[in-house]
There are 2 protein chains.
Amino acid sequence: MPKLDQSLLSGLPPFSLLQPQQIREILDHAVSRRYEEGATIFREGHDADRFYLLLDGYLRVVRTTPGGDQIIVLHISPGQLFGIAPALQRATYPATSIAAAESIALSWPAGLWPEFVSSYPGFATESYKTLGQRLGQIQETLTEMATQAVEKRIACALLRMANQSGRKTAEGIEIAFPVTRQNISEMTGTTLHTVSRLLSAWQKDGVVQSTRKHIVVTDPHRLVILSGIQS
Amino acid sequence: MPKLDQSLLSGLPPFSLLQPQQIREILDHAVSRRYEEGATIFREGHDADRFYLLLDGYLRVVRTTPGGDQIIVLHISPGQLFGIAPALQRATYPATSIAAAESIALSWPAGLWPEFVSSYPGFATESYKTLGQRLGQIQETLTEMATQAVEKRIACALLRMANQSGRKTAEGIEIAFPVTRQNISEMTGTTLHTVSRLLSAWQKDGVVQSTRKHIVVTDPHRLVILSGIQS
DNA sequence: TCCGGAGTTTGTTTCAGAGCAACGTTTGGT
DNA sequence: ACCAAACGTTGCTCTGAAACAAACTCCGGA
């Protein structure tokens, strides 16, 4: 178990109002674990017995259809709570979460949630705020999926990843975790073939630059235009 | 303002644990309003200054794209809280809600939410439970949208409406509020043309029976098969 | 009773994108 | 250093569903 430090939590919104003593309490009850790329943190349908906080890395939250198709519902970045089904009175997790890159997460038993909410000021507020954002985000994805053509959906997906995890580099905005064409197709409800073709075309146009599992958005502005977002 | 009665609330999950005195308090702060079919309760992007409870009728929760396309994110049935953006620390509503049939709703100022949560036992728990279900439901719709063909999506949409608002009649399960082909197309991300064709075909096969704005599922079992759900 | 608009049906045309197939390339394990 | 597996590319075909077009039917209001 890695060494845990107060500073890990004190900078994060759900815990930022707390006293050092309280943070110590929280860490005392936490289990810390490292997950390799591709490892599963919890599975859809399993007992929702813990809730989690991602310290480092990136996660994919994934649902599988009875037919075996997968789709990526959202990504989790460091500092975010996830697997908070227990807070919503759910008996089981509604989706699977998988490490997109090597990741570290803390977790607590589900039974501790009410205690966190009542004992730690701002914790409930911040958690439900996150939840609200997530709900809004999914609604947006749904809308997009229902109304936009494949090309725009893929552009949006790239922009969303760039926004959430983008590192600025000399060439452009680099997506901070490994992404395959298959992954993008699972975010947009298309096939890896179509994604591959589009990415090639965009690369030719100088909008993106990609090697296997690694994407840099070289011309964000043009991608925004392709995504069809206006404002 | 219609007359409000204790029994209106005492049977609903968020309030079922409360004392008559507490319910009286809640009603004292509530505003009750009637909405005609097609009326807007609140609009996407507007200040989230109230939260609501649907007493009677049915609502559509709708999002509009910059391009002017609409999609129906979910339906609200009597007894459900809605417009609870304030509870999620959102400044604005993320979607528009429209009365699908003549409806009656109570509402309270956003500022009262924290008080409800702290004063009324079980209120927070039940509300967040509803929220969890809704999140799960939207994730499911998203998955469906991303992986299933139009025919299956429409079958699923019909089943969902039948489930949520179905009245058992001699002919089958009747959807309790007015639905146009256009509406169904907005739930499934297709065109009213495609919906019309499919509904006609299914009518010929004896699976559904529909007149304008009114649908009865005559053979639910066959519709389940068409929807591709297995278990 | 007639009119107009909202909702529905049906036919035809068109094309984006899925499906299939085959091949190329990178990567990590032994 | 090699091999196998994972990942990516590209061409071709074919179909599901959108787009376009044109009536038809029902309903409420003047």
Side-chain angles (χ1 to χ4, degrees), chain A residues 36-38 60 65 67-71 98 100-102 144-155 157-158 175 177-205 208-216 226 228, chain B residues 36-38 60 65 67-72 98 100-102 144-158 175 177-205 208-216 226 228:
Chain A
E36 310 209 351
E37 185 178 331
R60 280 186 249 285
T65 65
D69 298 300
Q70 260 196 358
I71 87 128
I98 294 173
E102 183 173 341
E144 195 183 293
M145 198 75 102
T147 61
Q148 305 294 80
V150 171
E151 183 174 338
K152 299 196 175 187
R153 300 210 301 270
I154 295 176
L158 289 179
I175 293 170
F177 51 87
V179 203
T180 65
R181 327 275 142 156
Q182 175 73 38
N183 287 330
I184 297 176
S185 78
E186 286 168 2
M187 299 175 65
T188 52
T190 180
T191 60
L192 79 162
H193 307 264
T194 301
V195 175
S196 179
R197 276 178 242 273
L198 267 172
L199 248 45
S200 298
W202 287 344
Q203 177 133 358
K204 213 163 291 168
D205 291 356
V208 300
Q209 201 174 322
S210 66
T211 60
R212 56 167 42 194
K213 291 196 172 205
H214 184 249
I215 298 178
V216 182
L226 285 167
Chain B
E36 309 208 352
E37 184 179 332
R60 280 185 248 286
T65 65
D69 299 301
Q70 260 196 0
I71 87 128
I72 297 175
I98 295 173
E102 184 172 340
E144 196 183 292
M145 199 73 104
T147 61
Q148 306 295 81
V150 171
E151 183 174 336
K152 299 195 175 188
R153 301 209 300 269
I154 295 176
C156 283
L158 289 179
I175 293 169
F177 51 88
V179 204
T180 66
R181 327 275 140 154
Q182 176 73 40
N183 287 330
I184 298 177
S185 79
E186 285 167 3
M187 299 175 65
T188 52
T190 179
T191 62
L192 79 160
H193 307 264
T194 301
V195 175
S196 179
R197 276 180 241 272
L198 268 173
L199 247 44
S200 299
W202 287 344
Q203 177 133 358
K204 213 164 291 169
D205 291 357
V208 301
Q209 199 174 323
S210 66
T211 60
R212 53 168 45 194
K213 290 195 171 206
H214 184 249
I215 297 178
V216 181
L226 285 165

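Chain letters run A, B, ... following the sequence lines, proteins first and then strands; every chain starts at 1.
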message: For the backbone of T190(B) and the side chain of T194(B), can you confirm whether one donor and one acceptor N or O come within less than 3.5 Å of each other?
response: no
Sorted by chain and residue number, the salt bridge (Lys or Arg N to Asp or Glu O under 4.0 Å) partners of E186(A) (sequence neighbours excluded) come out as none
Is any side-chain heavy atom of K152(B) closer than 4.5 Å to a side-chain heavy atom of L226(B)? no
ask   = Do L192(A) and I184(A) touch side chain to side chain, with heavy atoms closer than 4.5 Å?
value = no
Practice problem: Give a yes/no answer on whether the side chain of T194(B) brings an N or O atom under 4.0 Å of OP1 or OP2 in dA18(D). | Solution: yes
Notebook entry, point to check: T65(A) side chain to D69(A) main-chain N or O, any donor-acceptor pair under 3.5 Å?
Noted result: yes
**Prompt:** If only atom types and distance count, is the side chain of Q209(A) paired as donor or acceptor with the main-chain N or O of Q203(A) below 3.5 Å?
**Reply:** no
L192(B) has its side chain closest, among dT8(C), dG17(C), dT10(C), to dT8(C)
Checklist entry - Is it true that K213(A) and E37(A) make a salt bridge, defined as a side-chain N closer than 4.0 Å to a carboxylate O? => result yes
Within residues 177-185 of chain B, the residues having a heavy atom closer than 4.0 Å to DNA chain D are none
Separation of dC7(D) atom P from H214(A) atom NE2, nearest Å, is 16 Å
To the nearest angstrom, the NZ-C1' distance between K204(B) and dT8(C) comes to 14 Å
Between CD of Q148(B) and P of dG16(D) the distance, given in whole Å, is 15 Å
In whole angstroms, the gap separating C1' of dA17(D) from CE of M145(B) amounts to 15 Å
- Are T188(A) and I71(A) side-chain neighbours, meaning at least one heavy-atom pair lies under 4.5 Å? no
ask   = Can you find a side chain N or O atom of S196(A) that sits less than 4.0 Å from OP1 or OP2 on dT10(D)?
value = no
R212(A) has its side chain closest, among dC12(D), dA6(D), dT9(D), to dA6(D)
Which of dC20(D), dG11(D), dA18(C) is nearest the side chain of R197(A)? It is dG11(D)
Taken to the nearest whole Å, CD/E37(B) to P/dG28(D) is 11 Å
Winner on side-chain proximity to S200(B), out of dT9(C), dT10(D), dA19(D), is dT9(C)
inquiry  = Has R60(A) got a side-chain atom pairing as donor or acceptor with I98(A)'s backbone, closer than 3.5 angstrom?
reply    = no
Axis-to-axis angle across the helix from dT1(C)-dA30(D) to dT30(C)-dA1(D), five pairs each end, nearest 10 degrees, ~ 40°
Taken to the nearest whole Å, CD/E36(A) to C1'/dG28(C) is 14 Å
Answer with base, sugar-phosphate or nothing: what part of the nucleic acid does T190(B) contact at a heavy-atom distance below 4.0 Å? sugar-phosphate
Of the candidates dC7(D), dC27(D), dA18(D), the side chain of K213(A) sits closest to dC7(D)
H193(A) atom NE2 is separated from dC7(D) atom P, nearest whole Å, by 14 Å
Does S196(B) reach the main-chain N or O of H193(B) with its side chain, forming a donor-acceptor pair under 3.5 Å? no
To the nearest angstrom, the CG-C1' distance between L198(A) and dT9(D) comes to 13 Å
